[in-house]
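Order of the sequence lines sets the chain letters (A, B, ...), proteins ahead of strands, with each chain counted from 1. Nothing here was measured: the structure is a model prediction, and the numbers come from that model.
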Amino acid sequence: MTAPLRTRFAPSPTGSLHVGGVRTALYCLLEAHGSGGHFLLRIEDTDQARSTEEAANGILRDMRWLDLLWDEGPGTPDQTFGPFFQSQRLDRYRACVQQLLDEGKAYEAWESREELDVERKHAEAAKENFRYRRRPYTADQIAAWRDEGRLPVVRFATPRKPVTVVDRILGEVTVDEDTVDDFVILKDDGFPTYHFAVVVDDHDMQIDLVLRGQEHLMNTHKHLLLYEAFGWRAPQHGHLPLIFNPTGQKMSKRDKARVAREKAREKAKSTGADAKTWTWLAEEAGIDREDLVAFMAKKHDGVSMAEAVARATGATLPLIEVNDFRRDGYLPEAIVNYLCLLGWSPGDDREVLTRDEMVAVFSIDRVQKTAARFDADKLLWMNQEYMKSLPEDTLLEHLGEWLDAVHGSPLHALDEAGRRAMIRMYRPRARTFEDLHRLGGFLFVRPTTWAEKQVKKHVLADGGVERLRATRDTLSAQEDFGADALAAMFQRLADDTGLGFGKVAQPVRVAVSGDGVSPEIQDTLAFLGRTETLARIDAFLVSLS
RNA sequence: GACCCCAUCGUCUAGAGGCCCAGGACACCGGGUUUUCAUCCCGGCGACGCGGGUUCGAAUCCCGCUGGGGUCACCA
């Protein structure tokens, strides 16, 4: 066994937690706990414009829902290395910036964002790479900028030399001396950039291993140079393979926008509706037309816009954020298990793993280098596995969480006994909680029509009507309407008539369900109760005459 | 475009030179059990991107090609 490792998950609260983040957090937790170390959670809210408290709270809530609990971070008893919000650590960053400034390892730069944008455009037009390097300013220039109220940023005086990242997953990745430019470490609002804060915090919080997505690979060279400038020992790094969407790009919230737009175009084409002003869609979706036009022109990828468009067009948006999964009736255990296997495997044929097993067997050394596509079908299967195997109490709890996240389910009206009955009936046939009301909806609405094919096959053929009448009478005389008693009753009828169980049960099933599909007949009738059961059978018999 | 990463069934993966004319899982197809549906059981389809090396022997090592992806912000 190795020494206890301290790892950390450091999301930025600019949006909600998504699958990539969940897997990163999981691997961090597993790696730390597997070594007997701590898993920390730090909120990287250095982007004042985009960070929100709600997003931060949402991330904490999602992490807890997934049972990805941190040993140190917001709300933990151990606050030794806190605070864990970067916005509360500004003094420390500024002191560190000052140190680099004093040592000549950083300097003030005065170009505005706009000026730099123009330079980048020019560089691009000239097919050149844009790398910011230190520029000479005259005292007059600086004075002029000061007078116009301009604020400088602080840039790192990047040493010109090749840098090698020794990655636990990818091996050595070297970049030449021209690759890393003089990046900004302190913004003009006095906040550090990500690159700076992450290095200071990982050092201060004594992080041993930094795991993050492969999209960060090129950032790590910057960070290594900073560690060196401070004379700090750098943590180990591991860059996790990306999670791809079904079309093979990095999965992101933009995928929702993409799918929504495609569906809108498709609908416009098939109905011959206008695909320029989008007036019809704006009306149908109840959204601002100009904003919609901007969205359709890919001017922005707003998630709420994508969702509105999806509602109006009937598009099915991909599952990306934790909340999507919760809303669609997935179990946190299944999500975690599925994600655990996306980019890693235990090396044997196991697929369903408990958390303890994951902690025991997980190792960064077995993490894949290759990006993995997110396979919603396999997740569905995994979820079904947990539907079947989780303790009833756990499912009851998750069912409650799901009901808190959705509207308009008939299950809301159910008391605990009713919910437990639903779980028992549907856990072998439901893949998600949504299936509970999709498959079990008939339990809450008395049928008014009956599927012709089923009626013909099971009722009108060979004396089914008579059998149903007889069963109805037996049912009405049945004292005990519990599932066990009902099962015995049906068995008796089947034995007495010499017919199979199905011959007796199926006409009843058609009568009470309308389409001939239900959980086991005794459970179904027990759930409906005597009164409702008889009323449904009677209504059906009336419909036949 | 520059820099960087990657490459086994449709998808997730096992495979660290001979155990592999490649194993498992999801999906798909077929069959069986059953009280409908689902579960469950059995079977089938299906991959080492291409070209060079190295080696007695390569999915495994090396090189090239091709393909895919990521990054190029005062966002993280």
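Contact annotation: A/R120 reaches the phosphate of B/C74 (side-chain N/O to OP1 or OP2, under 4.0 Å). Put simply, A/R366 has a side-chain N or O that comes within less than 4.0 Å of OP1 or OP2 on B/G15. Put simply, A/K187 has a side-chain N or O that comes within less than 4.0 Å of OP1 or OP2 on B/C75. Not one side-chain nitrogen or oxygen of A/K369 sits closer than 4.0 Å to the OP1 or OP2 atom of B/G70. Between B/A14 and A/Q368, a contact under 4.0 Å exists linking OP1 or OP2 to a side-chain N or O. Contact annotation: A/S518 does not reach the phosphate of B/U35 (side-chain N/O to OP1 or OP2, under 4.0 Å).
The pairing partner recorded for B/U54 is none, the criterion being a Watson-Crick or G-U wobble arrangement whose two distances lie under 3.5 angstrom. Base-pair partner of B/G49: B/C65 (Watson-Crick or G-U wobble, both distances under 3.5 Å). For B/C3, the paired base is B/G70 (Watson-Crick or G-U wobble, both distances below 3.5 Å).
For B/C74, its base sits under 3.5 Å from the side chain of A/R113 at one donor and acceptor pair at least. Residue side chain A/Q522 reaches the base of B/U35 through a donor-acceptor N/O pair under 3.5 Å, judged by distance alone. Looking at A/K378, its side chain comes within 3.5 Å of the base of B/A25 through a donor and an acceptor atom. A donor and an acceptor atom never sit less than 3.5 Å apart when one is taken from the side chain of A/D375 and the other from the base of B/A27.
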Can A/W70 and A/F9 be said to form a ring pair (Phe, Tyr, Trp, His ring centres under 6.0 Å), step by step?
CA-CA 9 Å; A/W70 50 100; A/F9 177 55; 9.7 Å; no
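Looking at heavy-atom distances under 4.0 Å, A/F244 makes contact with sugar-phosphate atoms alone, never a base. In this structure, A/R427 reaches neither bases nor backbone, as no heavy-atom distance under 4.0 Å exists between it and the strands shown. Contact annotation for A/H195: base contact, defined as any heavy-atom pair under 4.0 Å involving a base atom. In this structure, A/E128 reaches neither bases nor backbone, as no heavy-atom distance under 4.0 Å exists between it and the strands shown. Nucleic acid contact for A/K388: sugar-phosphate only, since backbone atoms but no base atoms lie under 4.0 Å from a heavy atom of the residue. Residue contacts shown for A/E44 are limited to sugar-phosphate atoms, with no base heavy atom under 4.0 Å away. Counting any heavy atom pair closer than 4.0 Å across all strands shown, A/R509 reaches a base atom. The residue A/G213 sits apart from the nucleic acid: no heavy atom pair falls under 4.0 Å. Using a 4.0 Å heavy-atom criterion, one finds that A/V184 contacts the sugar-phosphate atoms exclusively.
Toward the 5' end of RNA chain B, the nearer of the two residues A/Q48 and A/V175, judged by each one's closest nucleotide, is A/V175. Checking A/L379 against A/W110, the closest nucleotide of RNA chain B that is more toward the 5' end is the one next to A/L379.
Regarding A/R131, its CZ atom lies at a distance of 7 Å from the C1' atom of B/A2, rounded to whole Å. When rounded to the nearest whole Å, the span between CZ of A/R350 and C1' of B/C12 equals 17 Å. In this structure, A/L186 atom CG and B/C74 atom P are separated by 13 Å, rounded to whole Å. When rounded to the nearest whole Å, the span between CG of A/D377 and P of B/U11 equals 13 Å.
In this pair, A/Y93 and A/F196 present their aromatic rings perpendicular. The plane angle is above 60°, beyond the 30 to 60° band. Between A/F325 and A/Y330, the ring-plane angle classifies as perpendicular under the 30° and 60° cut-offs. Aromatic ring orientation, A/Y227 versus A/H237: perpendicular (interplanar angle above 60°, classes split at 30° and 60°).
Note: A/F183 and A/H223 fail the aromatic proximity criterion, with ring centroids not under 6.0 Å apart.
Stacking is not found between A/W381 and the pyrimidine-like six-membered ring of the B/C26 base under the 5.5 Å centre-distance and 30° plane-angle cut-offs.
Surrounding NZ of A/K253 are more than 12 heavy atoms belonging to other residues, nucleotides or ligands, all under 6.0 Å away.
Note that CE of A/M387 and CZ of A/R429 are 13.0 Å apart. Values are rounded to the nearest 0.5 Å.
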